Number of protein chains: 2
Amino acid sequence: MYMEPNSTTENRIKEAARKIFIKKGLAGARMQEIADEAKINKAMLHYYYRNKEQLFKKIFEEVAAEFVPKIFSILGEDRPLEVKVQDFVSHYLDMLTRNPFLPLFVLSELRSQPEFFENAVGIKRSGILEKLAVQLKAEAKAGHIKPISPANFMANLMSLSIFPFLAQPMLQLIFSMNTQEFKNFIEERKQLIPQFIMSSLKT
Amino acid sequence: MYMEPNSTTENRIKEAARKIFIKKGLAGARMQEIADEAKINKAMLHYYYRNKEQLFKKIFEEVAAEFVPKIFSILGEDRPLEVKVQDFVSHYLDMLTRNPFLPLFVLSELRSQPEFFENAVGIKRSGILEKLAVQLKAEAKAGHIKPISPANFMANLMSLSIFPFLAQPMLQLIFSMNTQEFKNFIEERKQLIPQFIMSSLKT
DNA sequence: AAATAGTTTAACCAAATGGTTAAAATTACG
DNA sequence: CGTAATTTTAACCATTTGGTTAAACTATTT
């Protein structure tokens, strides 16, 4: 009889695959390593997911789906710009502190598999960008901020929030930070980034 | 007799290896593919470089060495902060427009091989960071800018300049840009990023 | 309990891949 | 020229790797 795909085995596979793929990427990951990590027979990987690519695709889509949509849900809310920026920064810096490898994983594989992404995330269809555009235009017209395009606004916000995690090893090396000091550095930026953004938009 | 390592073959190997490694990373690259790209026999790869890792190491060090030091040389100059920011942004946005895959390559492999980096780049030994710290402190004391740590200053500058290239596929997807439009976007940011940075530092 | 469907295992396989080798071709040079 | 050193090639090798298979095991159903 058919069974919901909820068995312990399948969950173990997913957790293991997620861990290994995120650390080593599609090309670098070994099916045997995933099986070992999940403490199951390698054949089970092929039993539940046809092959490496299928397994990877599943994991990537799940990771992308938990990484990206929040960007838009926060920016699409009906609140003052400053509050949304604070929410965004606070949420992502927390999330990335817990999962510091996610950005590199997503961006690396996105480079070679852009099509995975389009499906995994329903971006274009949501009118959120237009909403943000309207807000930015309104605030500019009201003289609260300088004019700025949504693309530049989002690029700045995402850059300042995400890049430090991508460059973590480099930053730690350059500024002689240990891991705890890096965490403090990020914690500090939770305050600083919204200040940077809002200051830079002052008329 | 011994010959300078300058033969056409060796250069072909280096160019090919660079291209393939940057596109696919260490794990994703195939020695045969590099040989094909260089139009030489695969055995030549092992004749000039002992093995895949050696070849990769050589390429990575060269790439890192042309990617990183300029960061410090520009920021270490004896010029006004605003000029240095403009120089930095202008230089890197040009360079990355020509080599958009470099950052992802460097940061990806840096994550798994941090030791390559320390050797490849003589960062710590140069007193440039101290110099920047002094300048930031002086400008703050003189009331020209808000106080900011060198780490935050550099993180902001690098984030705003480099991240868009890492996220290029995502940005193009979200904002429906084709490649030319993305180039225009970057061109526009050559002006905008220095403005952002300096505005955000206004007292 | 017998039959059936679903799950797990161990052994196996073919292709891909990094690497080697020995001989051939080419170049340097007394 | 002739000999030694260097470069290049083709064939080969061992291991790794993704994937398969058939049998054993475990529920589930009737």
Side-chain angles (χ1 to χ4, degrees), chain A residues 1-63 105 108-109 112-113 115-116, chain B residues 1-63 105 108-109 112-113 115-116:
Chain A
M1 242 243 147
Y2 176 76
M3 229 193 161
E4 281 300 301
N6 220 358
S7 66
T8 300
T9 301
E10 192 170 2
N11 283 340
R12 292 248 288 285
I13 291 177
K14 286 233 294 235
E15 280 171 44
R18 183 185 162 109
K19 180 173 169 183
I20 303 295
F21 277 137
I22 285 180
K23 195 176 352 178
K24 310 214 168 169
L26 171 56
R30 294 294 100 109
M31 292 298 264
Q32 187 59 57
E33 196 183 358
I34 294 173
D36 291 348
E37 173 77 30
K39 285 177 190 133
I40 49 134
N41 188 297
K42 181 168 68 94
M44 298 307 292
L45 297 177
H46 296 88
Y47 179 74
Y48 283 96
Y49 304 87
R50 209 179 317 284
N51 54 40
K52 194 186 183 185
E53 277 188 21
Q54 290 275 125
L55 176 56
F56 177 81
K57 192 174 170 179
K58 193 80 202 293
I59 300 296
F60 181 79
E61 285 176 352
E62 285 189 15
V63 169
F105 172 69
S108 290
E109 305 298 341
S112 37
Q113 316 272 355
E115 63 276 10
F116 279 3
Chain B
M1 246 249 139
Y2 176 77
M3 227 190 162
E4 281 301 300
N6 220 357
S7 66
T8 301
T9 302
E10 191 170 0
N11 284 340
R12 293 247 289 285
I13 291 178
K14 285 233 295 233
E15 279 171 43
R18 184 186 162 109
K19 180 173 170 185
I20 303 294
F21 277 137
I22 285 179
K23 197 181 344 183
K24 311 213 168 169
L26 171 57
R30 293 295 99 114
M31 292 298 265
Q32 187 59 58
E33 196 183 358
I34 293 172
D36 291 349
E37 174 75 30
K39 285 178 190 130
I40 49 131
N41 186 297
K42 180 166 67 92
M44 297 308 291
L45 298 177
H46 296 89
Y47 179 74
Y48 283 97
Y49 303 86
R50 210 179 315 286
N51 55 39
K52 194 185 183 185
E53 277 188 21
Q54 290 275 124
L55 177 54
F56 177 82
K57 192 174 170 179
K58 193 81 203 289
I59 301 296
F60 180 78
E61 286 176 352
E62 284 190 17
V63 169
F105 171 70
S108 291
E109 306 297 342
S112 36
Q113 316 273 356
E115 62 278 9
F116 279 4

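Here the structure is a predicted model, which is why all the values come from computation and not from measurement. Order of the sequence lines sets the chain letters (A, B, ...), proteins ahead of strands, with each chain counted from 1.
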Colleague: C:dT8 P sits how many Å from A:Lys39 NZ, rounded?
Modeller: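 The answer, rounded to whole Å, is 16 Å.
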Colleague: What is the distance, rounded to the nearest whole Å, between atom CD of B:Gln32 and atom C1' of C:dA15?
Modeller: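 Spelled out: CD on B:Gln32 to C1' on C:dA15 is 14 Å.
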Colleague: In whole angstrom, give the distance that lies between atom CD1 of A:Ile40 and atom P of C:dG6.
Modeller: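 The answer, rounded to whole Å, is 20 Å.
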Colleague: Any side-chain heavy atom of B:His46 within less than 4.5 Å of one from B:Met31?
Modeller: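 Yes, close enough: below the 4.5 Å cut-off.
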Colleague: Does C:dG18 have OP1 or OP2 sitting under 4.0 Å from an N or O in the side chain of B:Arg30?
Modeller: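 For B:Arg30, the contact criterion (side-chain N or O under 4.0 Å from OP1 or OP2 of C:dG18) is met.
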Colleague: What heavy-atom pair brings B:Met44 and B:Ile13 nearest, and what distance separates the two atoms?
Modeller: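 Scanning both residues completely, I find the closest heavy atoms to be O-CD1, 3.9 Å.
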Colleague: May I have the step-by-step check of salt bridge (Lys or Arg N to Asp or Glu O under 4.0 Å) for A:Arg18 and A:Glu62, ending in yes or no?
Modeller: CA-CA 9 Å; A:Arg18 183 185 162 109; A:Glu62 285 189 15; 5.5 Å; no
Colleague: Tell me if the centroids of the rings in B:Tyr49 and B:Phe56 come within less than 6.0 Å of each other.
Modeller: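 B:Tyr49 vs B:Phe56: aromatic centres not under 6.0 Å.
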Colleague: To the nearest angstrom, how far is A:Gln54 atom CD from D:dG18 atom P?
Modeller: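 Value for this atom pair: 15 Å.
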Colleague: For A:Ala29, report the nucleic acid contact type (base, sugar-phosphate, nothing); a contact means any heavy atom under 4.0 Å.
Modeller: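 Sugar-phosphate, backbone atoms only, no base.
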Colleague: Return the value, rounded to whole Å, for the distance between atom NE2 of B:His46 and atom P of D:dC13.
Modeller: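 Answer to the nearest Å: 17 Å.
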Colleague: Of the nucleotides C:dT21, C:dT7, D:dT8, which has the atom closest to the B:Met44 side chain?
Modeller: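 The closest nucleotide is D:dT8.
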Colleague: Round to a whole Å and report the spacing from CG of A:Asn51 to P of C:dA16.
Modeller: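 Nearest whole value for this atom pair: 15 Å.
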Colleague: Can you tell me how far C1' of D:dT8 sits from CD of B:Glu10, to the nearest Å?
Modeller: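 The answer, rounded to whole Å, is 14 Å.
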Colleague: Hey, does A:Asn41 reach any base, or is it just sugar-phosphate, or nothing, if we go heavy atoms under 4.0 Å?
Modeller: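 Base contact.
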Colleague: Run the salt bridge (Lys or Arg N to Asp or Glu O under 4.0 Å) check on B:Lys24 and B:Glu33 step by step: do they pass?
Modeller: CA-CA 11 Å; B:Lys24 311 213 168 169; B:Glu33 196 183 358; 3.0 Å; yes
Colleague: Do the side-chain N or O atoms of B:Tyr47 get closer than 4.0 angstrom to the phosphate oxygens (OP1, OP2) of D:dT9?
Modeller: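 Result: no.
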Colleague: Counting just side-chain N and O atoms, does B:Thr9 come under 4.0 Å of either OP1 or OP2 of D:dT7?
Modeller: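 B:Thr9 to D:dT7 OP1/OP2: no side-chain N or O under 4.0 Å.
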Colleague: Report yes or no: is there a donor-acceptor pair, N or O only, under 3.5 Å between the side chain of A:Lys42 and the base of D:dG19?
Modeller: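 A donor-acceptor contact between them is present.
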Colleague: Roughly how many Å is it from OH in A:Tyr48 to P in C:dG6, rounded to a whole number?
Modeller: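 Rounded to the whole Å, the gap is 12 Å.
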